[in-house]
Participant: 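Quick one: the structure is below, questions incoming.
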Protein chains: 2
Amino acid sequence: MGASGAAPTVYDVAERSGVSIATVSRVYRMPESVRPETRERVLAVAHALGYVPSGNARGLASRSTGVLGLCFPDYSDPDAEAAEDADDAAMLYSDQIIRGMERAARRHGYALLIAASLKGGPESLVAKVAGRVDGFAVLARTVPTAELDVISRRQPVVMLAGPRESPDTADHLDHVEVANFDGQRELTRHLIEDHGVRRPAYVGSSEESPDVEARFRGFLAACGDAGVEVAGEPALRVGMMTQAEGARAAEALCERAGERPDAFVFANDQMAVGALHALERRGVKVPGDVLVTGFDGIPLSRLVRPSLTTVHQPMLRLGEAAVELLVERLSGARTGDPVSVMLPVTVVRRTSCGCGDTEAAGAAGAAER
Amino acid sequence: MGASGAAPTVYDVAERSGVSIATVSRVYRMPESVRPETRERVLAVAHALGYVPSGNARGLASRSTGVLGLCFPDYSDPDAEAAEDADDAAMLYSDQIIRGMERAARRHGYALLIAASLKGGPESLVAKVAGRVDGFAVLARTVPTAELDVISRRQPVVMLAGPRESPDTADHLDHVEVANFDGQRELTRHLIEDHGVRRPAYVGSSEESPDVEARFRGFLAACGDAGVEVAGEPALRVGMMTQAEGARAAEALCERAGERPDAFVFANDQMAVGALHALERRGVKVPGDVLVTGFDGIPLSRLVRPSLTTVHQPMLRLGEAAVELLVERLSGARTGDPVSVMLPVTVVRRTSCGCGDTEAAGAAGAAER
DNA sequence: CAGAGTTATGTATGCGCTTACAGAGAGCGC
DNA sequence: GCGCTCTCTGTAAGCGCATACATAACTCTG
């Protein structure tokens with residue numbers, strides 16, 4: 001810490017400038033209400049003393065912090081520090097949301113407190129964050145719903161991504177998600193109707209992820225609509241949804257007995273990119289021999305060759321929407337039952353599905369219910 | 001906000017579980033010191049009531065918040081929302097640092113409060129952050145040094161990047177930077193010695209940026225070492241250091257009268273990538289006709305064709321180093337004069353300088369002074 | 001120039017928690 | 001059975017600020 005003793009407080013400033021602590025407080029809270037000369041004098045002393053108002057005391061007294069929070073799971077696997085891929089990937093989900101929230105929060109005069117779950121202290125994470133913010137967002141599956149439920153009775157909470165919790169358990173928490181179902185359905189429809197796909201293979205995850213499930217259901221729906229027969233299960237489920245797993249999945253699907261699928265539909269971009277590499281090594285042409293699609297719209301998807309057709313998720317918007325909701329609740333502009341906002345996604349048609357790189361797009365998904 | 005009235009406090013929990021507020025507090029702060037049965041009873045009541053300790057009150061009473069902060073300038077230009085390039089680029093500086101700090105902070109049990117400067121309230125940003133955290137980092141040029149100076153007398157502050165402030169003004173603030181000079185010097189040396197470059201052209205920025213200046217000085221030093229004659233000024237200065245400006249710079253350098261430079265040395269990767277595109281359009285071969293290098297080591301640098309030779313900056317480490325410093329100060333493990341840590345950078349040799357894509361590397365830069 | 005209306009400042013209280021310090025049992029050796 | 005040490009719990013005093021309310025200093029009216 002610095003040198004000199006304890007940090008100066010309102011009392012110190014008040015004393016040295018010959019006013020009461022109330023006046024010092026007013027200089028900061030309502031500058032107009034104090035006579036200019038007095039104000040200047042106080043500010044001068046404050047500056048000389050190195051006075052900085054204590055956010056804690058201020059928050060305690062005024063019952064609000066001016067801070068919004070975000071809790072997210074710890075995606076990064078420490079061992080993979082060196083792997084740039086891991087970084088890129090991780091860079092997407094949480095970081096984009098952070099960025100989106102930070103921007104939106106700033107616009108409304110809030111700062112952002114972020115904390116990733118740490119397998120550690122008892123119910124530590126959320127409680128810690130919750131106790132320091134006016135309201136916060138939580139990435140799905142970061143913390144037990146029961147806990148959120150309790151907390152959301154006291155302050156606004158919004159759940160990001162994941163499914164809307166059943167209304168009876170989710171007491172007062174709002175919800176923001178992207179149109180996973182609609183996006184995958186639209187993309188699959190495009191493959192079938194515009195590119196004549198008949199034997200698509202879906203590659204999902206073995207981890208339980210509502211988002212991935214929703215995507216798969218979208219895939220099934222599109223197949224159903226078009227009369228394309230597919231199993232009620234993904235052709236393959238992998239563990240981690242990484243590039244490596246995607247490559248492996250592509251290999252597996254090629255080796256598999258019977259006719260090769262005419263399209264590999266991956267649940268995320270990372271896997272699709274890995275598959276692209278694997279297919280290239282194998283000499284399988286994309287989109288000549290097989291079509292490949294991803295989901296997420298990460299920057300990499302635009303840069304790989306062939307460029308990847310995917311569904312773009314508005315991550316920044318996700319964060320922004322969360323903040324909007326929180327601010328509305330805090331300002332009292334919105335009251336009443338929890339809402340669920342669904343953000344539309346965009347199908348980005350690129351080379352890997354057989355389209356040119358025209359980036360033609362179609363939106364899918366809708367608003368609030 | 002939720003439904004029911006005010007949030008429950010220790011008093012409510014204490015009353016309903018038949019103990020004193022001190023005991024309730026102990027249940028959270030020193031669980032071992034309270035008899036198991038009592039503890040369970042309290043926890044049960046707390047949970048039933050939806051009790052969450054107030055971070056503010058806790059912080060006030062204990063004089064510490066368990067939160068570290070980061071202040072950074074608002075890079076993102078709102079108009080460029082749609083431009084994906086802008087996103088990618090912006091994603092790098094602040095976001096990587098955020099990520100690095102968050103991880104490191106988490107390891108030490110701290111959460112992270114982030115806030116970007118908003119051209120707004122009087123001395124708002126830093127004061128707001130400073131008042132809510134135990135210590136914080138500031139990206140160079142985000143706030144006036146004078147203010148930091150005052151604040152750093154009361155709590156640990158770390159300045160990121162930028163130059164070390166002159167010791168007399170920088171009272172107690174530690175400093176972390178990357179070896180801009182050494183990195184650019186080493187890269188330039190490589191161009192000259194290993195690729196026979198004789199007429200390198202440096203493209204810098206017209207904005208005053210200590211980092212960019214340091215790089216340029218590194219460039220000059222290498223030229224001087226090798227007896228290569230160059231002007232004492234960059235061949236060109238651009239405004240924004242964006243891809244668009246980089247492309248324009250490349251055009252300009254090609255049009256310029258006299259012999260074309262044999263290497264374009266850009267002050268960052270963004271510009272270099274823009275230049276790569278411009279040169280391709282012009283039919284100028286890289287590295288055949290001219291060599292191109294960047295600085296930063298953004299993910300994109302690896303993906304463009306030809307892959308970009310650059311100097312990789314350990315952004316994550318920057319954030320981590322800042323946290324380490326803060327934690328050392330807070331724990332009392334480090335006392336005394338402010339230190340300045342310089343993080344080594346890595347020259348990444350790729351195709352654009354004429355090397356294979358072998359990613360051979362050489363470190364440059366050193367530790368603490 | 002008394003009284004009403006304004007504005008600038010002071011007084012006093014409490015926000016919800018931590019933490020010395022004190023007190024009450026309980027177990028133990030003498 | 002007395003004093004002692006331990007362990008567990010209660011009492012009380014703030015932490016630094018915001019703010020309702022009271023007060024003082026002026027400015028107007030009539």
Side-chain angles (χ1 to χ4, degrees), chain A residues 5-43 45-46 49-67 127-128 130-134 151 154-155, chain B residues 5-43 45-46 49-67 127-128 130-134 151 154-155:
Chain A
T9 72
V10 270
Y11 294 102
D12 301 314
V13 177
E15 188 175 351
R16 300 221 193 178
S17 50
V19 299
S20 74
I21 64 164
T23 298
V24 175
S25 177
R26 282 193 276 262
V27 165
Y28 288 88
R29 309 295 307 162
M30 319 153 56
E32 301 309 327
S33 80
V34 46
R35 191 154 31 109
E37 1 175 353
T38 312
R39 194 195 311 153
E40 295 310 326
R41 189 154 36 92
V42 170
L43 282 177
V45 172
L49 251 43
Y51 169 71
V52 176
S54 152
N56 283 325
R58 200 177 269 204
L60 221 210
S62 67
R63 283 169 271 305
S64 87
T65 66
V67 177
K128 176 164 187 177
R132 301 204 139 306
V133 303
D134 292 340
I151 294 178
R154 306 290 146 168
Q155 62 184 298
Chain B
T9 72
V10 269
Y11 295 101
D12 302 313
V13 177
E15 188 176 350
R16 300 221 193 176
S17 50
V19 300
S20 73
I21 62 167
T23 299
V24 175
S25 177
R26 285 190 197 101
V27 166
Y28 288 88
R29 310 293 308 160
M30 317 152 58
E32 301 309 328
S33 80
V34 47
R35 194 159 22 116
E37 359 174 358
T38 312
R39 193 195 314 154
E40 294 310 327
R41 188 152 37 93
V42 171
L43 282 176
V45 173
L49 250 44
Y51 168 71
V52 176
S54 153
N56 284 325
R58 201 180 276 211
L60 222 210
S62 66
R63 281 169 277 300
S64 87
T65 65
V67 178
K128 177 164 186 177
R132 306 204 137 292
V133 303
D134 291 341
I151 294 179
R154 306 291 148 172
Q155 61 185 296

Participant: With a 4.5 Å cut-off on side-chain heavy atoms, are B:Thr65 and A:Arg132 touching?
Facilitator: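 Side-chain contact under 4.5 Å: yes.
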Participant: Using a heavy-atom cut-off of 4.0 Å across all strands, would you classify B:Arg29 as base, sugar-phosphate, or nothing?
Facilitator: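 Answer is sugar-phosphate: B:Arg29 comes under 4.0 Å of backbone atoms only.
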Participant: Under 4.0 Å: is that the gap between some side-chain N or O of A:Thr9 and OP1 or OP2 of D:dG16?
Facilitator: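 Result: no.
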Participant: Would you tell me if any nitrogen or oxygen in the side chain of B:Ser25 comes within less than 4.0 Å of OP1 or OP2 on C:dT18?
Facilitator: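 Checking B:Ser25 against C:dT18: at least one side-chain N or O falls below 4.0 Å of OP1 or OP2.
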Participant: For B:Arg41 and B:Arg63, take the nucleotide of DNA chain D holding the closest heavy atom to each; which residue's nucleotide lies nearer the 5' end?
Facilitator: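 With B:Arg41 and B:Arg63 compared, the 5'-side residue is B:Arg41.
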Participant: Under 4.0 Å: is that the gap between some side-chain N or O of B:Thr38 and OP1 or OP2 of D:dT9?
Facilitator: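 Answer is yes, contact under 4.0 Å.
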Participant: Quick check on DNA chain C: between B:Arg26 and B:Asn56, whose nearest nucleotide comes earlier from the 5' end?
Facilitator: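 In this pair, the answer is B:Asn56.
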Participant: For the side chain of A:Ala57, starting at C-beta, report the closest nucleotide among C:dG10, D:dG16, C:dC17.
Facilitator: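 When the side chain of A:Ala57 is considered, D:dG16 is the closest of C:dG10, D:dG16, C:dC17.
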Participant: Hey, which sits more toward the 5' end of DNA chain D by its nearest nucleotide, A:Leu60 or B:Ile21?
Facilitator: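 The answer here is B:Ile21.
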Participant: Could you tell me if the side chain of B:Pro8 sits less than 4.5 Å from the side chain of A:Arg154, heavy atoms only?
Facilitator: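 Of all side-chain heavy-atom pairs linking B:Pro8 with A:Arg154, at least one is under 4.5 Å.
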Participant: Here's a test of your reading of the structure: between A:Val19 and A:Tyr11, which maps to the more 5' nucleotide of DNA chain C?
Facilitator: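 Whichever sits nearer the 5' end wins; that is A:Val19.
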Participant: So, do B:Val34 and B:Met30 sit near enough that their side-chain heavy atoms are less than 4.5 Å apart?
Facilitator: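 They are not in side-chain contact.
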Participant: Could you tell me whether the phosphate oxygens of C:dT19, OP1 or OP2, come under 4.0 Å of any side-chain nitrogen or oxygen in B:Tyr28?
Facilitator: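 No.
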Participant: Is there side-chain contact between B:Leu43 and B:Tyr51, with heavy atoms separated by less than 4.5 Å?
Facilitator: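 Counting from C-beta outward, B:Leu43 and B:Tyr51 never come under 4.5 Å.
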Participant: Counting just side-chain N and O atoms, does A:Ser54 come under 4.0 Å of either OP1 or OP2 of D:dG16?
Facilitator: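 Negative; the distance criterion is not met.
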Participant: Please check the phosphate of D:dG10 (OP1 and OP2 only) for any side-chain N or O of B:Thr23 closer than 4.0 Å.
Facilitator: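 Answer yes for this pair, as a side-chain N or O of B:Thr23 is under 4.0 Å from OP1 or OP2.
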Participant: So, OP1 or OP2 of D:dT9: does either fall under 4.0 Å of a side-chain N or O from B:Arg35?
Facilitator: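 It does, given that an N or O in the side chain of B:Arg35 lies less than 4.0 Å from OP1 or OP2 of D:dT9.
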